Every structure is written in structure tokens, then in C-alpha cells.
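Written out below as C-alpha cells is the structure these notes cover.
Throughout, protein chains are lettered first and strands after them, A, B, ... in sequence-line order, and every chain is numbered starting at 1. The model shown is predicted, which means the values in this text are computed figures rather than measured ones.
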Amino acid sequence: MKITGWIFDVYAVDGGMRVWIIDAQGRKHRLLDPFSPAFYIGGPPASVRPLLTFLSRLNLPMEVTRAVGIEFYSGKTIPVTRVKLFNPIHFTKVVRWCASAAVKPEGSGISLYNCDLSLPQLYFFERKRFPLAFCEVEVDPSGTIQTVGLLDSIWRTDYTTPPLTTLILRMEGGSLRPDHTGPRRLEVTIDGRTSCLEADDEAGLIDRFDRLLLRHDPDLILSEWGDPYLLPQLMAMAKKKRFPLLLNREPDTGVVTRRERSYFTYGQVVHQAQAHLLLGRWHIDLHNSFLVDQTELEGLFEFARLSRIPVQQMARTTTGTGITSMQMALAFEDGILIPWRKQESEAFKSADQLLLTDKGGLTYAPKLGFHEAVAELDFASMYPATMARYNISPETINCPCCPHNLVPEIGHHLCTKRRGLIPRFLEPFLAKRAEYKRLKKTATDPEWKGRYDARQSALKWGMVTTFGYQGYKNARFGKIEAHEAITAYAREKLLQAKEIVEAEGFEMIHAIVDSLWIKKSGTTEADYEALAERISKACEIPIAFEGVYRWVLFPPSKSDPEIGVPNRYLGVFQNGEVKLRGIEARRGDTPPFIRAAQTEMIEILSQAKNREAYEALLPEIEAIREAYRERLKARRVSFWELAIAKTLSKSPSEYQKDSLTAIVAKELAGRGVRLSPGQSISYVITDAKSRVKSDRARALGFIDGSWGFDAEKYESLLIQAAEVLFPDPPDRFGQKNLLP
DNA sequence: AAAGTACGGGG
DNA sequence: GTGTACGTACTTT
């Protein structure tokens with residue numbers, strides 16, 4: 001039998017990989033693909049021999065042969081032993097035994113390769129397939145796959161995804177975390193019909209839920225808080241009532257769970273809730289996935305395809321894991337032995353070298369205040385472009401063969417003989433993103449426009465991470481020296497651009513890492529385009545002319561009104577597009593009420609063509625402010641609009657100061673809500689100055705009509721949000737603010 | 001005044 | 001099962 005469709009799910013079962021295909025009619029096909037994953041052992045024969053003896057005593061179906069592979073850092077072909085397990089479910093166990101200290105004593109010189117990948121990854125790598133690939137499958141009557149013809153490629157930009165039956169699982173009445181509120185009803189939506197299930201009849205609830213699953217057989221359970229709350233609750237109820245819960249499509253299997261964790265990344269703590277992964281069906285929690293949060297399902301699918309990580313797993317992992325998997329796939333294709341964990345440590349650096357290399361991006365202080373007709377030039381994807389252009393990769397930095405090819409400022413050098421893995425990975429990746437951006441512009445169908453945008457945004461995250469990962473000590477294909485080389489080149493490029501611009505008589509208003517704000521009277525758009533062209537040529541990486549601002553405002557720092565702040569500004573391009581950085585409307589912890597007020601004000605100001613017109617709008621801005629103030633006074637504001645969302649950086653009990661966040665977190669913890677670092681909470685300020693601390697603020701989920709809000713406090717936030725837009729003009733320091 | 005806490009960036 | 005910088009703004013003590 002021949003089946004044409006998309007690879008929906010892949011996981012290991014006894015005797016092979018379970019492969020689910022969904023065809024264009026939405027039919028689901030449960031197939032088996034025999035698969036014998038292999039890992040490799042390298043090292044001195046005297047050390048390898050006892051390991052092989054150990055393996056032979058296991059009496060598991062396997063094949064041990066001699067092979068060769070390329071060692072990643074040296075690029076040399078080395079002899080290795082290949083261990084192929086005939087049954088994939090033995091793989092993880094056998095690798096773990098081989099790695100354990102009893103079998104592989106310290107100092108044995110043994111290295112294991114290709115051993116810490118998941119089985120779906122190994123399967124996809126070896127068979128050159130990928131999640132959601134469109135293909136033609138030849139199947140025998142028992143459902144075993146004979147051949148697979150790939151009708152798709154990870155580099156396609158016009159791919160489609162299978163038709164999915166989706167069940168939406170959430171709590172009635174909003175998306176607040178269920179355990180941060182009082183009791184609510186469970187809501188299940190499928191085929192456009194929503195049913196509410198009462199929690200007081202547990203047996204009836206499970207029974208109705210099971211019947212919905214049976215009747216509709218959804219491919220995707222899309223939940224809000226399914227991971228930390230709904231699925232655990234449903235599973236506990238089912239267990240208590242001894243009812244089966246038919247979440248998996250694979251018979252006689254349990255739901256795979258992964259422990260919750262909190263980790264630190266990019267300067268902040270992130271919480272990943274416990275995950276519930278289904279077999280033959282997807283469960284995706286909208287609130288437990290960075291990628292879905294940033295790029296919708298479309299970006300998640302793009303990442304799953306490229307990384308060869310199944311959709312459900314990809315939803316819960318970081319973009320860093322995703323791009324590492326893409327890099328491993330490329331290494332695998334090239335016959336490179338994938339190193340298990342990093343062995344290389346940072347090379348020694350002298351004190352004066354440290355001073356130079358530890359600098360990151362270059363930042364100037366902006367010229368304060370209001371400016372007209374300023375142009376912005378941005379180096380596009382500066383860091384990835386630099387890595388690709390200068391061949392920056394962990395195995396090319398400080399190679400033994402090219403000491404002459406120096407990186408600016410710092411003592412590192414780069415290989416000229418071997419193209420690095422990271423640049424080879426980045427080239428098609430950069431090109432694919434550029435293609436999506438182009439398609440997004442030219443697409444006429446709004447649905448595809450949105451799709452292209454989500455996909456390019458997912459790729460953007462991949463590139464941001466590729467750079468960040470070079471500086472991470474445990475990255476598989478990263479090296480801190482490579483990170484330093486990238487920022488060194490980037491500083492050089494920005495300086496070079498600044499020199500060109502100033503030599504041509506432009507005034508530099510601001511410059512930061514990869515962007516310049518410049519002006520010169522009489523300059524046309526075509527002149528700016530030509531200037532960008534000249535800089536691109538001189539710098540060897542592309543810089544783009546973003547546009548000319550009607551006006552851009554760099555408000556003064558609140559701690560020192562004489563200086564500006566690098567990342568706090570607002571401006572309007574000539575096409576009317578508004579750009580905000582660092583101000584209230586852009587921040588995640590601004591209450592919706594304040595955000596709405598400031599956004600409305602900026603909307604009005606964006607009409608202004610020049611400074612005079614801008615200043616003339618002051619009365620209108622004041623009118624908006626007063627209208628919002630009236631609403632506060634008349635209490636015509638919902639708690640939801642006043643809610644402040646904050647991310648916890650520690651467990652509630654670890655807070656030392658009684659900030660509002662700490663007070664509310666402790667209050668919630670006292671009600672039995674488990675809060676881990678990285679989770680967020682929402683609260684309303686009820687009485688900021690109350691001597692009774694617990695009266696100062698109240699969690700949004702537990703506030704009711706008996707509580708009021710602190711109108712005075714919100715009024716001051718409102719006034720502040722307005723004042724940012726009318727600071728003391730820089731040439732009129734010492735005068736009163738334009739707003740009282 | 002000092003220390004604690006949280007935010008953004010990237011596009 | 002993977003990104004620990006850095007500056008600003010604001011609050012508490």
C-alpha cells in the first residue's frame with residue numbers, strides 16, 4: 001500500500017520506530033519502521049577492549065564493527081568502533097552503561113560519539129527525514145514501512161502542514177493560571193463547539209472527556225496550562241476513579257512526563273513547567289513554550305522541521321537545543337563524530353587581553369531630546385553575518401595552521417583552510433530567512449503573509465541563539481574565544497561605519513552595537529541607500545537603510561537628566577510606522593490601562609511632522625491623560641486592566657525585601673499555590689502605602705469586589721507615562737516640564 | 001544612600 | 001538537557 005502524507009510523530013517502540021503519517025484527507029496511519037541506531041567508541045585499543053567484552057556479555061542483539069569518522073576539532077579521520085543496536089529501545093540503556101564510571105574509568109582516554117541524541121533525532125539524521133516532512137510511504141500489510149520517498153526538503157519555503165483535528169483545553173473565563181485563581185470550570189472546544197465540564201462530578205467529567213477524545217480523535221490537544229495543571233488534575237481524577245484516560249493513541253502506554261525546572265538564561269530566570277508528552281498525538285501548552293509564545297505554531301513547525309526534533313519536544317525545549325540539533329544534523333551528514341560533551345576548556349588569557357575581549361557590543365550615548373529627519377542604518381543580522389563572513393566557529397578559532405589570520409583588537413586568529421561548522425550551518429539559514437522576509441513582502445494572501453512572518457521570526461531566534469551559544473561554556477559547538485572574535489569584529493564594523501558617516505559630513509545622533517542614527521540636511525532616501533551601499537562594501541557585511549524618522553525622541557535618563565539612555569527612545573518613520581524602545585508601552589510589566597493610555601498618546605503624536613507640530617499636540621495629550629484620570633477617579637476600570645505582571649526571580653520565601661511582587665508571591669504561596677523561580681504572577685495595587693503589607697497589593701486571581709485599587713498610585717503611573725513624551729527640551733533645561 | 005528586584009534586547 | 005551581561009528604573013530599608 002502507498003500512503004502520501006506528512007510525518008506527524010516518531011518515537012521508539014519495541015523493534016523499531018513508530019511512525020505516524022497524516023494524509024491530505026486527515027487520515028492517520030500508525031506504522032512501524034525497523035531501525036538500528038548506532039553509537040561510536042573511540043580511544044586507545046587497550047581501553048576499548050574491556051568495554052567490548054562488557055558489551056558482548058550483555059547478550060543483546062547488536063553488531064560491533066570497526067569504522068572511521070571525523071574528529072570534530074582536529075578534522076582528522078580516526079578509527080572507531082561502531083555499536084549498532086538492533087532494537088532501538090536498548091539504545092539509551094546501553095549508552096548509559098558504557099558511560100558509567102564502572103565501565104569507563106576516568107583517564108581511560110575513551111570517547112563516546114553520537115550517543116546522547118534522542119532516538120527520533122538519530123532516526124531523522126540517519127534516514128535523512130524530518131518532522132512534518134511530506135513523503136510517499138510504501139507499507140506492507142502488517143503496517144511495516146518498506147520505503148519512504150521524500151517529497152519535501154528542510155530548505156523549502158512553500159511547504160504545507162497536515163490538516164489537524166484540534167481539541168482546545170482550557171479553564172472557563174480567561175487565561176490566568178488556574179491554580180492562581182479560585183475554582184473554575186473546564187472548557188473543551190472541538191469542531192467549533194465548546195462544552196463546559198463540572199469538576200465536582202469527577203467520574204462524569206473524565207467520562208465525558210474520554211468520549212470527546214474517542215468521538216473526535218484529535219491530533220492536537222492545544223491547552224492553556226495543560227502542562228502544570230489541567231493534565232495532572234485530569235490524570236489524578238482518572239486514577240482516583242479508576243477510569244482510563246485516553247490521552248495517548250499508542251495503546252497500553254502512559255503519558256510521558258518531564259520534570260519542571262527553572263534555569264537562568266540571558267540575565268533572567270525562566271520556568272519550564274512539567275511537560276506531558278503524548279504518543280501518536282500532540283499536547284502543546286500555549287503557556288509552556290517559548291517558541292509558540294514568540295512565533296505561534298507556525299514558528300514551532302519551522303523549528304521542528306529544521307532541527308529534526310519532534311514537534312511536542314521542540315515546543316518545550318529552547319531554541320539553543322534546536323539550533324544545536326540542526327548543527328549536529330549537518331555534522332552527521334558530513335561523517336563527523338558528534339562529541340558527547342565538551343572537552344575543550346577556555347584557553348589562558350593574560351590580564352590585558354581580558355580587558356579587550358570581555359567587552360561586548362559598542363554603545364554610545366544618544367544626543368538627547370527631539371530630532372527631525374534622522375535616518376537609521378542597521379547591520380542586518382550582524383553577528384551571524386560576521387560568523388559566516390569570517391569563518392568563525394569553535395574548530396576554526398585559534399587553529400594550529402593559521403596564526404597569521406588575526407581577529408581585530410584581540411590576539412585570536414581564524415582558520416583559512418577549513419570552513420567551520422557554524423558558518424556552514426548559518427549560510428543556508430541566513431538565506432532562508434532572507435527568502436521568508438522577501439516572500440512576506442510580496443505575498444498577497446494574508447494567511448501566507450502571516451505564515452512567512454512567523455517562520456522568519458523563528459529563524460531570527462535561531463540566529464540570536466547561535467551567537468549567544470558561542471559564549472556558553474557547555475555549548476556543544478561553542479567556544480568563548482569565538483564569541484569574543486564575533487564581538488571584536490562587530491565593534492570594528494560599527495567604528496568603521498561611524499568614521500565613514502562622519503567623514504561624509506553626517507551628524508551622528510546615536511549608535512549602538514549594530515545600528516546608527518544619523519542626519520544631514522538635504523539628504524534624500526536615495527542618498528541614504530547609496531551610503532548604506534558604500535558602508536556595506538567597506539565593512540564586508542551588509543548594512544540596511546531602515547528609513548527616515550519624521551521625528552525621534554531620546555528622553556533623558558531619570559537618574560541623570562543630562563544624559564540619554566541607549567535603549568530608551570520613540571520615533572515615527574515617514575511611512576507612519578512607530579518604533580518604541582524601553583518605554584512603558586513596550587514593557588511587559590506595564591498594566592494594560594497605562595499601556596493603552598500611552599499608546600493612544602503616541603498614536604496622536606505620530607501624526608506630527610515636525611517639532612512645532614509635536615509641541616502643538618500637548619493639549620491633546622493632556623486631554624487623553626485627563627480622560628484616563630477620570631476613569632480612575634470614577635473607578636470605571638477593571639482589575640484586569642490594572643494588573644501588573646512580574647516574573648519571579650526566586651522562590652517566594654527567598655525574597656528579602658517586601659516589594660509588591662514579594663508580598664503577593666508570599667500571599668499566593670500561603671494559599672497553597674506552588675511558585676517556582678521564573679513563573680510569573682499578576683497583581684493589582686490596592687493600597688501601596690498601607691502599613692499592613694498584605695493590603696498593599698492583591699493577586700489578580702483572588703481579587704473581588706470587596707477590594708478597591710489604589711487610584712492615586714495608578715494616577716502617578718499615568719502621569720509618568722505622559723511625561724516621558726514631553727521631557728524638558730534639551731535646549732531649555734531647568735524649565736518646568738511641559739506637562740504639569 | 002545602599003541594596004534588592006525586574007526589565008529589555010533581537011526584528 | 002544547554003545563552004549567568006549589563007545598564008536603567010524603581011522600591012524598600
Side-chain angles (χ1 to χ4, degrees), chain A residues 116-118 121 258-259 261 263-270 272 275 290 294-295 309 313 316-325 340-342 358-361 363 365 378-384 433 436-437 440 453-454 456-478 480 483 487 512-515 544 546 555-560 563-568 579-584 586-590 644-650 654-663 665 677-678 680 685 688-689 693 696 713 716-717 720 724:
Chain A
D116 55 345
L117 310 178
S118 72
Q121 272 174 309
R258 281 199 194 152
R259 257 207 308 267
R261 63 200 175 96
Y263 58 95
F264 199 88
T265 169
Y266 258 78
Q268 70 165 17
V269 186
V270 181
Q272 179 81 50
F290 172 84
Q294 295 290 325
T295 69
I309 296 174
Q313 280 84 339
R316 277 121 182 137
T317 196
T318 61
T319 48
T321 301
I323 56 111
T324 300
S325 183
W340 186 353
R341 67 169 87 83
K342 242 173 104 104
D358 272 6
K359 286 189 299 193
T363 311
D378 291 343
F379 284 102
S381 309
M382 185 186 225
Y383 291 153
R433 171 140 191 265
Y436 277 141
K437 287 175 89 169
K440 177 190 141 191
D453 191 42
Q456 73 81 19
S457 167
L459 298 187
K460 170 202 75 191
W461 280 105
M463 298 198 308
V464 169
T465 313
T466 303
F467 161 69
Y469 244 41
Q470 288 303 318
Y472 172 51
K473 64 178 185 308
N474 290 326
R476 202 185 293 253
F477 299 115
I480 188 69
H483 190 272
T487 53
I512 174 171
V513 188
D514 54 1
S515 308
E546 281 294 302
S557 156
K558 294 191 179 167
S559 36
D560 181 357
I563 60 162
V565 180
N567 269 319
R568 201 171 143 86
K579 187 168 178 180
L580 309 178
R581 290 299 178 268
I583 70 166
E584 289 81 353
R586 176 89 180 172
R587 293 175 62 105
D589 59 349
T590 302
I644 294 170
K646 294 272 189 191
T647 307
L648 303 185
S649 61
K650 51 195 78 177
E654 287 169 341
Y655 279 94
Q656 302 172 50
K657 299 260 166 98
D658 286 322
S659 62
L660 297 181
T661 306
I663 291 167
S680 39
I685 304 175
K689 291 195 180 125
K693 286 179 177 170
R696 289 182 188 168
K713 181 71 194 173
S716 81
L717 292 177
Q720 262 188 38
V724 170

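Donor-acceptor pairing under 3.5 Å, judged by distance alone, is absent between the side chain of A:Ser659 and the base of B:dG4.
When the P atom of B:dC7 is taken as reference, atom CG of A:Asn567 falls 16 Å away, rounded to whole Å.
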- Item | A:Val269 and A:Thr647: CA distance, side-chain angles, deciding distance, side-chain contact (heavy atoms from CB on, under 4.5 Å) verdict | CA-CA 8 Å; A:Val269 186; A:Thr647 307; 5.9 Å; no
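Contact annotation for A:Gly320: no contact, since no heavy-atom pair falls under 4.0 Å across all strands. Residue A:Ser559 is in sugar-phosphate contact alone, with no base atom involved, counting any heavy-atom pair closer than 4.0 Å across all strands shown.
For the pair A:Tyr655 and B:dA6, the criterion of a side-chain N or O lying under 4.0 Å from OP1 or OP2 is met. In terms of phosphate contacts, A:Ser557 brings a side-chain nitrogen or oxygen within less than 4.0 Å of OP1 or OP2 of C:dA9. Checking the phosphate oxygens (OP1, OP2) of C:dG7, no side-chain nitrogen or oxygen of A:Lys558 falls inside 4.0 Å.
Every stem involving DNA chain C, taken as at least 3 paired positions in a row under the Watson-Crick or G-U wobble test at 3.5 Å, is listed here: B:1-8 with C:6-13.
Closest to the A:Thr647 side chain, of the nucleotides B:dC7, B:dG4, C:dG1, is B:dC7. Of the candidate nucleotides C:dA9, B:dA6, B:dG10, B:dG10 has the atom nearest to the side chain of A:Val464. You'll find that the side chain of A:Tyr472 is closest to C:dG3, out of C:dT13, C:dG3, B:dA6. Taking the side chain of A:Lys650 as heavy atoms from C-beta on, and the options C:dG3, B:dT5, C:dT12, the nearest nucleotide is B:dT5. Counting only heavy atoms from C-beta on, A:Thr319 has its side chain closest to C:dG3 among B:dC7, B:dA6, C:dG3. Distances from the side chain of A:Tyr469 to the nucleotides C:dG3, B:dG8, C:dT13 place C:dG3 closest. With B:dG4, C:dT13, C:dA9 as the candidates, the nucleotide lying closest to the side chain of A:Gln656 is B:dG4.
The number of heavy atoms from other shown groups lying within 6.0 Å of NZ (A:Lys650) is above 12.
When A:Phe467, A:Tyr469, A:Tyr472 are each tested for a ring pair (Phe, Tyr, Trp, His ring centres under 6.0 Å) with A:His483, only one passes: A:Phe467.
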